[in-house]
Amino acid sequence: MCAEFWHNLYTFITVALLGVLYYILFVPVTWKDNDANDKKSAINRARRLRKIGTKLLPPFPNGWYKLATSKEIKPGTAKHIACIGENFVVFRSTDSKKTFVLDAYCPHMGANLGVGGIVKGDCIECPFHQWKFDGESGSLVNIPYSESLSEVEKFAKIRKWTSKEVNGLVFVWYHRENEEPWEIPVIDEVDNGRFVCHGWNEFRVHSHIQDIPENGADIAHLATVHGSNILGGADINNMRNSWFSFGSHIWNAKWSSNTYFKHMATVKLTHIYKLLSFKLIEIDADIDQIGPGYVTLVLKLIFGKIIILQTLTPLEPLVQNLSHYFYAPWYLGWLAKFIMYGETINVARDVMIWNSKEFVRNPLLPKEEKPLKMFRSWYSQFYSENSKTFAQAHETLEW
Ligand SMILES: *[C@@H]1O[C@H](CO)[C@@H](O)[C@H](O)[C@H]1NC(C)=O
Ligand code: FES
Ligand SMILES: [Fe+2]
């Protein structure tokens, strides 16, 4: 009787531990902070926008932007995605498994191809009257009830967007001068599936898009915003709680633009976690900013490498989707999740600053803040003659 009890308890504990282990190793974790349904904050934001006027830089710089993850677009499915002031349909072929990006609205009578659109091979049929468009070119290829295709055809082309699927993400090329896109570097471990995605976070940020990458060149904020113990949490009002003062973070960063690829910039980041005066953890990271919407971070730890992909997509002039995807070999899932925990808290602290700041066009900078000046002059390449101004971008949202 007694032996049986102990045996059952032992079995129970083993199963529970295996469950926990399975979760830590194999179940991706997610963390979401988006106030999409928060009407009040949307209204306040709209009020704030009115005051901004012409001081703001264009809200949609030129570059590659993530529209979706590869997993979100299953073969034979289509998705409507609104961002960068445009409406896209993203769909994946049933045969070739390729992804295509077109304008969402059908030139016939305006139905949204991303809402009930029917994917056939590399083509998509409109959910309203089944006009059929080719994903490769955007050309109209069939009207099921009409023989006079050639007359309508030339008017019925739908806009085809240059897109690229790489590293588990689907990107669209947005360029107001229609310049040729730059290459998105393939990260072998991620692209060929050797590394697993152990988790991701999603933030909705209410700021100008430039504020977010500017963080990488902002050395002075590292100690203020990211210096106090992550155990103190993400709320910058309370994070300096003395209960957690036994630990702190020391950061060092060096920002430089890439002389070979002008759309790229690099940050060399070092991080030390100090327990009292003892250096407990040291992490070095190589960070590549690739245009305005995409960043790769390679973290070198004693156990191995962790790769973080950061994507930043403007939904509206001052509303950004910011995500991080955490990749590592399957057996380093526990470590990737630990890193994700720390990184997510640190980003959430930045988000509190971004959400409540205003955009300063000409900040006062002491000479120690030269990287910020370098960053701004580097980043200005993503604005061009035909970039939509803030007022133009905002106009299309008034209805
Ligand atoms: C923005 O984020 C939300 C969830 O946080 C997601 O549903 C949506 O697809 C994202 N849009 C883009 C364009 O990234
Ligand atoms: S609206 Fe698309 S086929 Fe008529
Ligand atoms: Fe930061």
Side-chain angles (χ1 to χ4, degrees), residues 30-38 60 65-69 71-73 79-90 101-118 124-133 140-146 152 156 158 169-172 174 200-205 207 211-227 230 234 236 249 251 253 255 267 269 271 287 293-295 297 310-316 319-325 342-354 357:
T30 61
W31 192 91
K32 296 183 187 190
D33 173 16
N34 41 62
D35 49 13
N37 299 318
D38 182 350
F60 307 138
Y65 291 107
K66 181 206 84 173
L67 294 181
T69 61
K71 282 202 175 128
E72 285 173 313
I73 315 294
K79 193 171 187 238
H80 169 224
I81 291 164
C83 58
I84 344 170
E86 304 286 340
N87 281 276
F88 304 102
V89 58
V90 185
V101 178
L102 303 174
D103 258 346
Y105 297 121
C106 179
H108 177 221
M109 285 175 67
N112 189 324
L113 297 174
V115 181
I118 308 146
I124 186 163
E125 279 181 3
C126 179
F128 206 4
H129 316 93
Q130 256 176 296
W131 287 26
K132 186 178 185 179
F133 301 91
L140 172 65
V141 291
N142 185 42
I143 299 175
Y145 49 86
S146 170
V152 206
I158 196 165
L169 301 166
V170 181
F171 293 91
V172 70
Y174 177 86
W200 65 93
N201 58 34
E202 295 172 353
F203 295 89
R204 185 72 41 87
V205 184
S207 75
D211 280 332
I212 293 159
E214 191 163 86
N215 223 242
D218 186 341
I219 316 300
H221 96 290
L222 291 170
T224 324
V225 179
H226 307 297
I230 48 165
I236 58 175
H249 305 263
W251 303 86
W255 185 95
V267 183
L269 184 74
H271 163 244
I287 305 173
Y294 180 54
V295 181
L297 302 91
Q310 183 203 79
T311 63
L312 176 61
T313 305
L315 303 185
E316 287 174 33
V319 187
Q320 323 294 333
N321 257 16
L322 173 66
S323 286
H324 297 85
Y325 303 89
E343 202 262 3
T344 301
I345 284 180
N346 274 311
V347 177
R349 290 176 180 178
D350 284 323
V351 170
M352 274 187 92
I353 299 273
W354 294 325
K357 79 188 285 295

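Just so you know, ligand 1 is whichever comes first in the structure, and atom 1 is the first atom listed for that ligand. Sequence positions, counted from 1, serve as the residue numbers for this chain.
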Protein residue, atom and distance nearest to atom 1 (S) of ligand 2, heavy-atom basis: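 Among all protein heavy atoms, the one nearest atom 1 (S) of ligand 2 is Met109 N, 3.3 Å.
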Nearest protein heavy-atom contact for atom 4 (Fe) of ligand 2: which residue, which atom, what distance?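 Going by distance alone, atom 4 (Fe) of ligand 2 is nearest to His129 ND1, 1.9 Å.
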Given 3.5 Å as the limit, does a donor-acceptor pair link the side chain of Arg349 with the main chain of Ile236, or not?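 The answer is no, because no donor-acceptor pair under 3.5 Å joins these two groups.
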Are any of the N/O atoms on Lys66, whether in the backbone or the side chain, positioned under 3.5 angstrom from an N/O atom of ligand 1?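 Such a contact does not occur with ligand 1.
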Using distance alone, decide if ligand 1 has a nitrogen or oxygen within less than 3.5 Å of any nitrogen or oxygen in Glu202.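 Yes: some nitrogen or oxygen of Glu202 is under 3.5 Å from one in ligand 1.
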Ligand-side contact atoms (ligand 1) for residue partner Ile81, heavy atom cut-off under 4.0 Å: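 That gives atoms 13 (C) of ligand 1.
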So Leu169 and Tyr294, do their side chains get closer than 4.5 Å, heavy atoms only?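 Side chain of Tyr294 against side chain of Leu169, heavy atoms only: contact under 4.5 Å found.
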Any donor-acceptor N or O pair under 3.5 Å, side chains Asn321, Thr313: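 Side-chain D/A pair, Asn321 to Thr313: absent.
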Indicate whether the side chain of Asp350 and that of His226 have a donor and an acceptor atom separated by less than 3.5 Å.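 The answer is yes; a qualifying pair exists.
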For a distance under 2.8 Å, tell me if His108 has an N/O/S atom near atom 4 (Fe) of ligand 2.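 Yes, within the cut-off.
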Mind checking whether atom 4 (Fe) of ligand 2 has an N, O or S of Cys126 under 2.8 Å?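 Checking Cys126: none of its N, O or S atoms is under 2.8 Å.
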Return the minimal non-hydrogen interatomic distance between Gln320 and Ser207, and the atom names on each side.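 Shortest heavy-atom separation between Gln320 and Ser207 comes out as NE2-O, 2.9 Å.
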Nearest 0.5 Å, what's the [atom1]-[atom2] distance between [X] and [Y]?
| X | Y | atom1 | atom2 | value |
| --- | --- | --- | --- | --- |
| Phe88 | His80 | CZ | NE2 | 9.5 Å |
| Lys66 | Thr311 | NZ | OG1 | 4.0 Å |
| Asn201 | Leu322 | CG | CG | 7.0 Å |
| Ser146 | His129 | OG | NE2 | 13.0 Å |
| Ile212 | Phe203 | CD1 | CZ | 10.5 Å |

For Ala111, take its heavy atoms, then give the atoms of ligand 2 lying under 4.0 Å from any of them.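 It comes down to these atoms of ligand 2: 1 (S).
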Ligand-residue contact atoms, ligand 2 with Cys106, heavy atoms, under 4.0 Å: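 Within the 4.0 Å cut-off of Cys106, ligand 2 contributes 1 (S), 2 (Fe), 3 (S).
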Mind telling me whether Trp251 and His249 have parallel, tilted or perpendicular rings, with 30° and 60° as the class edges?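 It falls in the parallel class, under 30°.
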Out of the N/O/S atoms in His226, what is the name of the one closest to the Fe ion (ligand 3)?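 The atom in question is NE2.
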Return the name of the atom in His221, of element N, O or S, nearest to the Fe ion (ligand 3).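 Result: NE2.
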From Asp350, does some N, O or S atom reach closer than 2.8 Å to the Fe ion (ligand 3)?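 Of the N, O and S atoms in Asp350, at least one lies under 2.8 Å from the Fe ion (ligand 3), which means yes.
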Just checking: Asn346, one of its N/O/S atoms, less than 2.8 Å away from the Fe ion (ligand 3), yes or no?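 Under 2.8 Å: Asn346 has no N, O or S contact with the Fe ion (ligand 3).
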Which bit of Trp131 gets closer than 4.0 Å to ligand 2, counting heavy atoms only: side chain, backbone, both or neither?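 Both backbone and side chain.
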Does Lys79 come within less than 4.0 Å of ligand 1, judged by its heavy atoms?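 Distance cut 4.0 Å: Lys79 passes for ligand 1.
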Could you establish whether Arg204 and ligand 1 come within less than 4.0 Å of each other, counting only heavy atoms on the residue side?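 Per 4.0 Å heavy-atom rule, Arg204 contacts ligand 1.
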Which segment of Leu315 sits under 4.0 Å of ligand 1 when only heavy atoms are counted: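 Just the side chain.
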